[in-house]
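What follows is one structure encoded as structure tokens, with my remarks underneath.
All values derive from a computational prediction rather than experimental measurement.
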Number of protein chains: 2
Amino acid sequence: MAEKKTRRRGQDLVDAILAATWEQLQAKGYRALTIEGVARAAATTKTVLYRRWPDKAHLVLAALSKYDNFTGYVVPDTGTLRTDLLDLMGQIADFLEKLKGETFRGLLAERLQHLELDKLMSRANGNAAIRGIMQPMLDRAAERGEITRTDWPDRVINLVGILLINEVVSRQELSQTARNEMVDDILLPVFQSAGE
Amino acid sequence: MAEKKTRRRGQDLVDAILAATWEQLQAKGYRALTIEGVARAAATTKTVLYRRWPDKAHLVLAALSKYDNFTGYVVPDTGTLRTDLLDLMGQIADFLEKLKGETFRGLLAERLQHLELDKLMSRANGNAAIRGIMQPMLDRAAERGEITRTDWPDRVINLVGILLINEVVSRQELSQTARNEMVDDILLPVFQSAGE
DNA sequence: TATAATTAGATACGGCCGTATCTTATAGTC
DNA sequence: GACTATAAGATACGGCCGTATCTAATTATA
């Protein structure tokens with residue numbers, strides 16, 4: 001029986017490519033993943049891939065968002081600002097954990113060189129997203145009388161994400177004690193200060 | 001007259017290569033610099049380069065430390081912790097400025113993927129080096145009664161460097177107002193807190 | 001159903017990476 | 001001054017990048 005060679009198109013093709021990407025990512029990791037390799041695995045050619053994604057980072061992000069369903073973070077409401085912060089850090093840590101570190105570092109490195117990647121990666125580090133979570137936490141903390149100022153600039157709001165990213169990047173993991181230290185030594189003092 | 005073809009060796013050769021590296025770095029920037037390109041410019045071959053430096057990052061760092069004489073940072077002593085912090089940030093900002101941003105980002109990206117680069121880059125981000133500068137500042141601040149705690153963990157000490165790096169990475173520059181904000185909203189509150 | 005517009009797939013290109021191998025100039029040594 | 005160890009230089013390799021060009025399969029359209 002002769003093999004029927006049918007030609008995939010559109011979404012079908014995209015699905016096959018993203019599946020292959022995901023598989024390669026699991027099998028070989030971010031660094032060792034190559035566009036040509038994915039193309040081979042998906043039984044197509046890199047021309048096809050380059051028509052859809054400009055580079056490896058975008059391809060991998062596409063696969064990630066399809067298979068690694070990043071559920072968005074949930075606004076913690078645990079009763080104290082301290083535990084709220086720890087809870088949020090835990091959520092972010094879990095997310096980074098799922099990315100296996102190596103992938104995260106690879107993507108981050110890519111992002112350093114291609115500025116436009118920033119938006120795509122906001123899930124991990126934050127900007128707008130983190131504010132949406134932090135602000136309610138801070139407002140509630142103010143109502144409870146834990147803090148007196150709630151209108152913090154972006155730089156302060158983003159501190160959580162920056163600390164975590166730096167931790168993953170310079171050490172390899174994100175231990176509970178590290179997270180405690182970040183909250184107690186840095187974040188709480190900042191938010192408990194009155195501002196100018 | 002026939003061209004005399006003499007063969008450079010040892011330090012002579014290294015000097016020529018680093019000169020070519022430096023030149024290429026100025027001319028084309030970090031990303032566009034290639035090992036083969038440097039080899040051509042230095043009229044040698046990449047085999048020779050790979051015998052001495054494992055990759056582009058190490059090569060560039062070697063050229064940087066030869067030509068871009070990073071003078072070490074000076075411990076500020078301006079009379080208040082606030083101005084000391086601003087002064088230190090200024091010094092680091094100047095250093096990053098000299099690296100032209102693009103080079104710094106490139107090196108940082110490389111470092112993300114090759115952990116061992118951490119040590120080489122400690123000048124920019126800090127670990128041991130930063131502590132040597134921060135500790136005297138903090139001790140003096142405590143003597144003056146500005147703060148009550150001086151035994152901060154590395155994570156806190158390194159905060160200065162982390163904030164600056166993040167700033168360079170996510171925005172493009174390191175403005176004075178940004179530095180003021182970092183000091184007033186984050187660093188001072190942290191150091192003025194009592195610790196646990 | 002014939003024709004036109006898409007788009008997948010095949011192939012080839014110059015460029016770079018990092019490694020291996022071989023030749024040959026230079027330096028040290030007896 | 002002859003001999004030997006060392007290291008530079010030349011060349012070639014397979015692999016990947018990113019782009020360009022051509023073909024043929026599929027889908028849309030008239």
Side-chain angles (χ1 to χ4, degrees), chain A residues 2-21 23-25 27-63 106-107 109-114 116-117, chain B residues 2-21 23-25 27-63 106-107 109-114 116-117:
Chain A
E3 284 302 331
K4 185 80 190 301
K5 64 167 72 170
T6 186
R7 195 176 267 196
R8 295 158 300 179
R9 290 203 149 207
Q11 198 52 47
D12 266 14
L13 185 53
V14 169
D15 289 346
I17 292 170
L18 290 183
T21 305
E23 199 181 343
Q24 298 276 309
L25 193 59
K28 337 166 56 153
Y30 183 84
R31 290 209 64 190
L33 178 147
T34 70
I35 304 252
E36 289 199 352
V38 170
R40 267 196 304 276
T44 178
T45 57
K46 58 178 171 168
T47 317
V48 174
L49 300 211
Y50 278 112
R51 276 187 198 122
R52 291 169 213 275
W53 302 278
D55 53 43
K56 178 160 97 166
H58 286 84
L59 174 63
V60 168
L61 281 172
L107 286 173
E110 224 79 74
R111 176 191 149 183
L112 277 179
Q113 304 192 301
H114 306 276
E116 359 74 57
L117 269 177
Chain B
E3 284 302 330
K4 185 80 191 300
K5 64 167 73 169
T6 185
R7 192 177 271 194
R8 293 159 302 180
R9 286 203 152 208
Q11 198 53 45
D12 266 14
L13 184 54
V14 170
D15 289 346
I17 292 170
L18 292 183
T21 305
E23 197 180 344
Q24 297 276 310
L25 193 60
K28 334 167 58 155
Y30 184 84
R31 290 209 64 191
L33 179 147
T34 70
I35 303 252
E36 289 200 351
V38 170
R40 266 195 305 275
T44 179
T45 57
K46 57 179 172 167
T47 317
V48 174
L49 300 211
Y50 279 111
R51 276 189 197 120
R52 291 170 211 273
W53 301 279
D55 53 43
K56 178 160 99 164
H58 286 84
L59 174 63
V60 168
L61 280 172
L107 286 172
E110 223 79 75
R111 178 192 146 180
L112 277 178
Q113 304 192 303
H114 305 277
E116 0 73 55
L117 268 178

#### Entry: d(CZ, B/Arg31; P, D/dC17) in whole Å
14 Å
### Message
Between C1' on C/dC17 and CD on A/Glu36, what's the gap in Å once rounded to a whole number?
### Response
13 Å
### Task
Establish, with yes or no, whether the OP1 or OP2 oxygen of D/dT26 is under 4.0 angstrom from a side-chain nitrogen or oxygen of A/Thr6.
yes
### Query
Which whole-number value in Å describes the distance from A/Leu59 CG to D/dG18 P?
11 Å
### Query
Among D/dA12, D/dA7, D/dC16, which is the nearest nucleotide to the side chain of B/Lys46?
D/dA12
### Heavy-atom pair of closest approach, residues B/Lys56 and B/Ile35
N-CD1, 3.9 Å
### Message
Whole angstroms only, please: what is the OH-P distance between A/Tyr50 and C/dA8?
### Response
16 Å
### Heavy-atom closest contact (B/Tyr30 atom, B/Leu107 atom, distance)
CE1-CD2, 3.7 Å
### Query
Would you say a side-chain N or O of A/Arg40 is under 4.0 Å from OP1 or OP2 of D/dC16?
yes
## Note on the structure
In whole angstroms, the gap separating P of C/dT6 from CZ of A/Arg9 amounts to 11 Å
### Task
Quick one: label B/Thr47 by what it contacts on the DNA or RNA (base, sugar-phosphate, nothing), any heavy atom closer than 4.0 Å.
base
## Note on the structure
Here the distance between atom P of C/dG9 and atom CG of A/Asp12, to the nearest Å, is 11 Å
### Message
Quick check: on DNA chain D, is the nucleotide nearest A/Arg8 upstream (toward 5') of the one nearest B/Val48, or the reverse? Name the residue that is more 5'.
### Response
B/Val48
### Query
For the residue pair B/Thr44 and B/Leu49, what are the closest heavy atoms and their distance?
CG2-CD2, 4.4 Å
## Note on the structure
Smallest heavy-atom separation, A/Arg8 atom then A/Ala43 atom, equals NH2-O, 3.1 Å
### Query
What do the steps show when you test B/Leu61 against B/His58 for side-chain contact (heavy atoms from CB on, under 4.5 Å), and what is the final call?
CA-CA 5 Å; B/Leu61 280 172; B/His58 286 84; 5.6 Å; no
### Message
Categorize B/Arg51 for me: base, sugar-phosphate, or nothing, with a 4.0 angstrom heavy-atom threshold over every strand shown.
### Response
base
### Query
At under 4.0 Å between heavy atoms, what does B/Gly37 touch on the DNA or RNA strands: base, sugar-phosphate, or nothing?
nothing
### Task
Find the distance B/Ile35:CD1 to C/dG18:C1' and express it as a whole number of Å.
9 Å
### Query
Between atom CZ in A/Arg7 and atom P in C/dA10, what is the gap in whole Å?
7 Å
